[in-house]
Each structure stands twice: as structure tokens, then as C-alpha cells.
Amino acid sequence: MSDDVTVARAPSGTHDVLAPESARWELLVARFARQVERAGYGLAHTPIFEDARVFRRGMGEGSDVVGKEMYEFEDRGGRLLALRPEGTAPVVRAFVQHRPPTPWKAWYVTPAFRYERPQAGRYRQHHQLGVEVLGSADPDLDVEVIGLAARLLASVGLGDVVLHLHSMGDDACRPVYVEDLRRYLADRRSSLCGEHAERFEANPLRTLDCKKEACRAATVDAPHLLDALCEPCAAHFARVRTGLAAVGVAAVLDHRLVRGFDYYTRTTFEFVSGALDGAQNGIGGGGRYDGLVEMLGGPPTPGIGFGVGIERLLLACDAEAVFPTVAHPLDAYVVDVTGGEAARDLTEELRRAGLAADRAFDGRSMRSQLKSADRSGASVAVIVGADELEHGQVTLRPLRSGGDQRTVARAEAAAAVRALLVGGEADRRPTTHRPKDEA
RNA sequence: GUGGCCGUAGCUCAGUUGGUUAGAGCGCCAGGUUGUGGCCCUGGAGGUCGGGGGUUCAAGUCCCCUCGGUCACCCCA
């Protein structure tokens with residue numbers, strides 16, 4: 001590629017979202033907003049970049065995301081900043097800074113940045129919807145949060161999704177379990193895959209998560225963290241499971257579910273799509289992080305949340321042929337083959353009357369303008385020719401039905417267009433509904 | 001970061017053992033129709049064949065490098 005062409009292209013791993021696809025994003029966000037606002041969550045906007053330590057401390061220096069995937073940079077004042085690689089840490093930082101009354105419930109929609117090699121369902125800038133709740137350790141809150149995520153997926157029509165559920169324990173029981181696991185793996189070191197034969201000392205939990213057959217086989221009889229939970233963690237997890245069952249959210253226990261960030265404690269979960277054939281089939285996940293607030297300098301405060309990847313959710317929708325792209329049809333399209341003044345003024349009038357209206361420019365032929373009107377999806381063409389101009393009239397031509405066109409006084413144009421829409425004579429297209437109707 | 005595959009028009013693609021002015025469909029523009037969209041017909045615009053170098057009388061085609069895309073590993077949404 002020559003230089004000029006390369007510049008006129010979104011950076012590797014990023015992508016543009018244009019109409020009509022962008023309308024689907026709008027609709028998804030509006031639907032999510034309605035669901036979580038109804039549950040008492042408030043929208044939180046936080047900066048797209050933070051002091052890099054916000055992420056380093058929370059997600060863990062050892063995590064891949066912090067270690068090799070963060071977009072870090074120094075600003076002109078010498079501060080080390082990072083584009084957010086995920087949504088939780090910034091919200092927790094905001095909590096520590098502002099100390100709102102607890103339990104504090106927040107939701108967000110945000111881009112997230114990670115420097116990885118792009119592939120299907122994986123981007124350097126992707127987008128997440130999510131919620132966080134700070135200040136309550138009540139297991140029924142775990143149920144609420146997981147339920148909100150499940151409901152979002154169900155509401156767009158996804159059916160081929162499995163909720164994986166696990167508990168990471170807490171500071172009392174997890175270290176004991178990790179030591180047990182390390183001992184178990186040490187005896188089988190030679191049968192692990194090359195990578196984990198080396199790394200199991202540092203983080204034996206990762207070995208459980210390995211997809212390679214060698215590690216799979218070697219860990220079949222490994223001790224389960226769920227069997228090693230301390231009494232409080234076990235009680236918490238039991239309450240979460242009965243709660244999910246009570247609200248009708250199906251989950252499968254997955255003792256291999258080890259999420260990538262260090263801050264997780266107790267409940268962790270992940271929604272996996274069966275419709276995505278790529279390796280990137282996790283469309284959302286989250287869990288408790290009862291120590292994260294402290295790590296960022298706040299008082300001991302429990303927390304829980306989830307994030308759902310918008311791109312992956314929509315890929316899954318495409319794979320399941322649900323939640324189709326919506327159109328934003330026009331009500332009227334103004335065709336003016338006189339001097340153009342009529343189009344200029346009439347279009348404005350129609351819009352002020354609350355109609356969705358567009359028009360042709362550049363003084364093109366009537367044939368050409370009607371072609372544009374047709375392609376725009378408009379219900380009615382509002383035509384101004386020499387005759388109409390002379391008599392102060394407009395001709396309304398239905399474009400979506402067999403109805404006859406008619407000529408009315410120009411002053412009645414907006415009302416007449418509206419009558420055609422309401423009467424259903426002109427407007428009967430099957431695939432159109434608008435985000436604003438949903439919100 | 002590692003590996004496989006692929007780069008020809010806005011899009012999807014064809015292009016023979018290397019051989020003349022690189023094609024098709026769709027889309028776009030215009031005309032057929034000086035006041036009427038869709039269907040049909042005709043015409044047109046649009047290409048540094050990703051870029052650079054090499055082999056050759058001759059390269060879209062073969063070789064090398066490079067850039068980009070894509071898929072997978074890793075990790076994650």
C-alpha cells in the first residue's frame with residue numbers, strides 16, 4: 001500500500017461504525033439503559049484515560065493486559081497515563097474519589113483499548129456495556145448483577161449462550177487451595193504443556209484454564225476450588241446459586257473458569273456463545289472484587305460488576321440471525337425541479353412539523369430526484385414543479401404503496417403528508433422501527 | 001510477540017503454459033421518458049493490478065523484500 005492510501009484507513013484493530021449499523025448500537029445501548037435504570041443504576045462517565053497505576057494496581061502487574069497490552073503514554077506534564085483497557089477500574093477509582101452513599105450502582109458504555117493482534121471478535125478498540133455495584137457483599141446482589149447481564153443477552157434474542165459460574169474464594173481460602181493445586185501439579189509437571197510446565201509455579205490457576213489437551217488431561221483429577229472454599233465463601237456461593245435458580249437464570253458450574261484480572265474474589269462468571277465459531281466466543285463476564293477499592297486507596301468496600309462486549313454481542317446476534325440492523329426511514333423526500341427555493345423552505349417546514357424529511361440538491365432532473373427519493377426509503381415524495389409553484393401547491397406521491405398521487409395546497413403539505421402516514425396508505429414497510437420507539 | 005492464508009474498479013470476483021488497448025456482475029452517473037422512482041434497454045465515469053526491486057523480448061501472472069488484510073496461537077469483551 002502506498003502511504004496516501006494507508007493513512008486513509010482506520011488504525012489496525014479499530015473500525016468505523018456507520019449507519020445503518022450504528023443505529024443498532026444506539027438501540028442496544030438504549031435498551032440496556034432502560035433495563036439498568038429501572039434497577040436503580042445511574043450512568044457513570046469517567047475519563048477515557050487514567051493514571052496508569054489505576055490499572056496496574058487493580059488488574060495486576062502480572063496480567064497480560066497490564067504487562068503487554070496497555071496503551072500507555074506520558075503526557076506533556078510527565079504523567080504516566082493509560083487508555084482504559086477495561087471498564088471496572090475507572091468506576092472504582094471514581095468511587096474512591098467521590099465516596100457516594102452505598103450501595104452505589106453505576107452503569108457505563110465505553111470504548112476499551114488493548115494492544116493485541118486483531119482477529120475475529122478481537123479489536124484494539126472495542127466497546128463494553130457494564131454495571132458496577134460498590135459497597136455491598138450481599139450475595140443477592142450477585143444474583144441481580146448476573147441477572148441484568150443475562151437479561152440483556154436475552155432481550156436481543158440470543159439463545160445459544162451458556163452462563164459459566166465459579167467462585168474464586170477469598171484471602172482466607174484461596175491461598176490454601178493454590179498451594180494444594182501447586183503440589184498436585186508439581187507431581188505431574190512432565191505431562192503439562194510446555195508453557196505451563198514452566199509457569200505453574202507462578203500462577204497454577206492458569207493451568208486449569210489451558211485449552212491444550214495435555215493440561216486438560218493432567219488436571220482432570222485436580223482438586224476443585226469450589227471444594228476448598230471457606231465456610232463464608234461457600235455460604236455466599238450457595239446463596240448465589242439458589243438465587244439464580246429462583247430468578248430463572250440457568251448456570252453451569254465451571255471449576256476451570258479463571259478470569260484474567262487479579263482483583264476477582266468469590267463469584268466469577270462468563271457468558272459464552274455457542275454460535276461463534278471463532279476462539280473469541282466469550283461475550284461478557286465479570287465477578288466480585290471485594291479487595292479492589294482498597295487496592296486503589298479506598299476503605300474496605302466490596303464490589304461486583306460485569307462487562308459485555310458490544311462487538312461480540314452483535315457478532316453473536318448475526319450468527320444467530322437475531323437483532324437485525326434497523327433502518328431510519330424518512331417520511332418525506334422533497335423533489336423540486338424549479339429554482340430550489342421551494343425545496344429549501346418546504347423541507348425545513350416539514351422538519352419543524354416533526355416529520356423526517358430530506359431533499360435532493362444540485363438541481364438534478366425530476367427522474368434523478370425521484371430515484372433518490374425512492375432509494376432514501378421515504379414514504380412520500382413531495383413534488384414541486386412549475387405548475388405547483390405557480391398555483392401554490394405541492395404534489396404528494398406515495399412511494400411505498402399503490403396509492404394515487406394528489407395535489408394539495410402548499411400550506412397543507414405537512415398535514416397531508418402526515419395523513420398519508422397515519423392512514424397507512426403510504427407507509428407499510430416491514431423492516432422499520434426506530435430506536436426512539438424502544439427507549 | 002509467533003505462525004498459516006490472501007491483496008485486480010466503491011463491493012463481490014474472473015483473468016489460460018507469462019503475450020496486444022485488464023474484464024464481468026452489482027453499485028454509481030446520464031440518456032431512452034423537456035413533469036414522475038422501482039422493471040427494462042443504451043451509454044458513461046471509475047484501476048499507479050497494495051508498494052518497491054528483480055527475472056524476461058514481454059509480468060496482474062514467476063522470484064525477493066515490504067506494507068496491509070485475514071485467520072489461528074497467546075490473552076480477553
Side-chain angles (χ1 to χ4, degrees), chain A residues 1-13 15 59 62-70 84-88 109-130 149 153 193-196 199 203 206 209-212 257-261 270-273 276-286 306-316 333 335-338 360 362 364-390 395-402 404-405 407:
Chain A
M1 282 270 177
S2 74
D3 279 354
D4 321 1
V5 179
T6 307
V7 167
R9 132 175 260 146
S12 182
H15 59 105
M59 302 164 74
S63 69
D64 278 20
V65 170
V66 167
K68 47 190 200 193
E69 296 173 3
M70 278 217 291
R84 54 167 51 179
E86 58 108 35
T88 298
V109 51
T110 180
F113 306 87
R114 292 178 201 168
Y115 190 85
E116 309 173 86
R117 279 286 281 272
Q119 69 185 78
R122 196 176 72 183
Y123 307 90
R124 288 185 176 172
Q125 177 179 342
H126 76 278
H127 301 79
Q128 292 189 25
L129 295 164
L153 304 185
C193 79
E195 186 185 338
H196 286 101
R199 297 211 317 194
N203 190 353
R206 278 256 150 262
D209 204 27
C210 183
K211 289 175 196 136
K212 297 208 172 65
L257 176 60
V258 176
R259 295 183 53 79
F261 307 146
E270 191 166 286
F271 290 89
V272 177
S273 169
L276 296 177
D277 9 285
Q280 318 302 323
N281 58 1
I283 62 184
F306 72 77
V308 165
I310 293 181
E311 286 87 349
R312 285 194 192 167
L313 182 150
L314 293 176
L315 280 174
Y333 195 97
V335 171
D336 177 1
V337 288
T338 63
D362 301 311
R364 292 186 293 138
S365 69
M366 177 172 288
R367 169 191 170 100
S368 165
Q369 291 190 49
L370 272 167
K371 238 176 176 161
S372 299
D374 185 46
R375 272 196 303 263
S376 77
S379 303
V380 181
V382 179
I383 302 170
V384 181
D387 292 348
E388 287 87 350
L389 188 65
E390 186 182 339
T395 293
L396 304 184
R397 179 176 176 81
L399 296 174
R400 307 295 146 201
S401 71
D404 290 334
Q405 66 183 40
T407 298

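Protein chains get the first letters and strands the later ones, always in sequence-line order, with residue 1 at the start of each. Keep in mind that the numbers below use all heavy atoms, side chains included, and drop hydrogens, waters and symmetry copies.
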List in chain and number order the residues that pass side-chain hydrogen bond (donor to acceptor under 3.5 Å, both in side chains) with [X], two or more places apart in sequence or in another chain; answer none if no residue qualifies.
| X | answer |
| --- | --- |
| A:R84 | A:T46, A:T110 |
| A:Q369 | none |
| A:R117 | none |
| A:R397 | A:Q405 |

Span that lies between the [atom1] atom of [M] and that of [N], in whole angstrom:
| N | M | atom1 | value |
| --- | --- | --- | --- |
| B:G51 | B:G47 | P | 13 Å |
| B:U17 | B:G53 | P | 28 Å |
| B:A58 | B:G54 | P | 12 Å |

Using a cut-off of 4.0 Å between protein heavy atoms and nucleotide atoms, how would you tag nucleotides 29-38 of chain B 5' to 3' with B, S and -? SSBBB-BBBB
Under 4.0 angstrom, heavy atoms only, what part of the nucleic acid is [X] near: base, sugar-phosphate, or nothing?
| X | result |
| --- | --- |
| A:F261 | sugar-phosphate |
| A:E86 | nothing |
| A:G130 | nothing |

Base of B:A77, side chain of A:E116 - is there a donor-acceptor contact under 3.5 Å? yes
Would you kindly check whether a donor in the side chain of A:R122 faces an acceptor in the base of B:C74, or vice versa, at under 3.5 angstrom?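 Counting by modelled atom types and ignoring angles, a donor-acceptor contact under 3.5 Å is found here.
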Mapping A:P11 and A:E311 to their closest nucleotides on RNA chain B, which lands nearer the 5' end?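 Per heavy-atom nearest nucleotide, the more 5' residue is A:P11.
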Return the value, rounded to whole Å, for the distance between atom [atom1] of [X] and atom [atom2] of [N].
| X | N | atom1 | atom2 | value |
| --- | --- | --- | --- | --- |
| A:M70 | B:A77 | CE | P | 15 Å |
| A:N281 | B:A77 | CG | P | 12 Å |
| A:Q125 | B:A77 | CD | C1' | 13 Å |
| A:M59 | B:A77 | CE | C1' | 11 Å |
| A:L257 | B:A77 | CG | C1' | 14 Å |

The criterion is side-chain contact (heavy atoms from CB on, under 4.5 Å); which residues satisfy it with A:L315, sequence neighbours excluded?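 With sequence neighbours excluded, A:L315 shows a side-chain contact (heavy atoms from CB on, under 4.5 Å) to A:Y123, A:L276, given in chain and number order.
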Residues in side-chain contact (heavy atoms from CB on, under 4.5 Å) with A:K68, at least two apart? A:D64
Does either side chain, that of A:Q125 or that of A:H15, offer a donor lying less than 3.5 Å from an acceptor on the other one? no
Between B:G69, B:C75, B:G3, which one does the side chain of A:R117 approach most closely?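 From the listed options, B:G3 comes nearest.
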Any carboxylate oxygen within less than 4.0 angstrom of a Lys/Arg side-chain nitrogen, looking at A:D374 and A:K371?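 Not counted as a salt bridge, because no side-chain N and carboxylate O are separated by less than 4.0 Å.
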Is the shortest side-chain N/O distance from A:Q119 to OP1 or OP2 of B:C71 below 4.0 Å?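 Result: no.
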A:P111 and its side chain to side chain contact (heavy atoms under 4.5 Å, CB included) partner, picked from A:H127, A:Q128, A:H126: A:H127
Given the rule that a pair is Watson-Crick or G-U wobble with both distances under 3.5 Å, how would you write RNA chain B in dot-bracket, using | for pairs to a different strand? (((((((..((((.....[...)))).(((((.......))))).....(((((..]....))))))))))))....
Can A:H127 be called stacked on B:A77 when the rule is centres closer than 5.5 Å and an angle between planes below 30°? no
Please list all pairs meeting salt bridge (Lys or Arg N to Asp or Glu O under 4.0 Å) that have one or both residues in residues 376-389 of chain A, counting only residues at least two apart or in different chains.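 Qualifying pairs: none.
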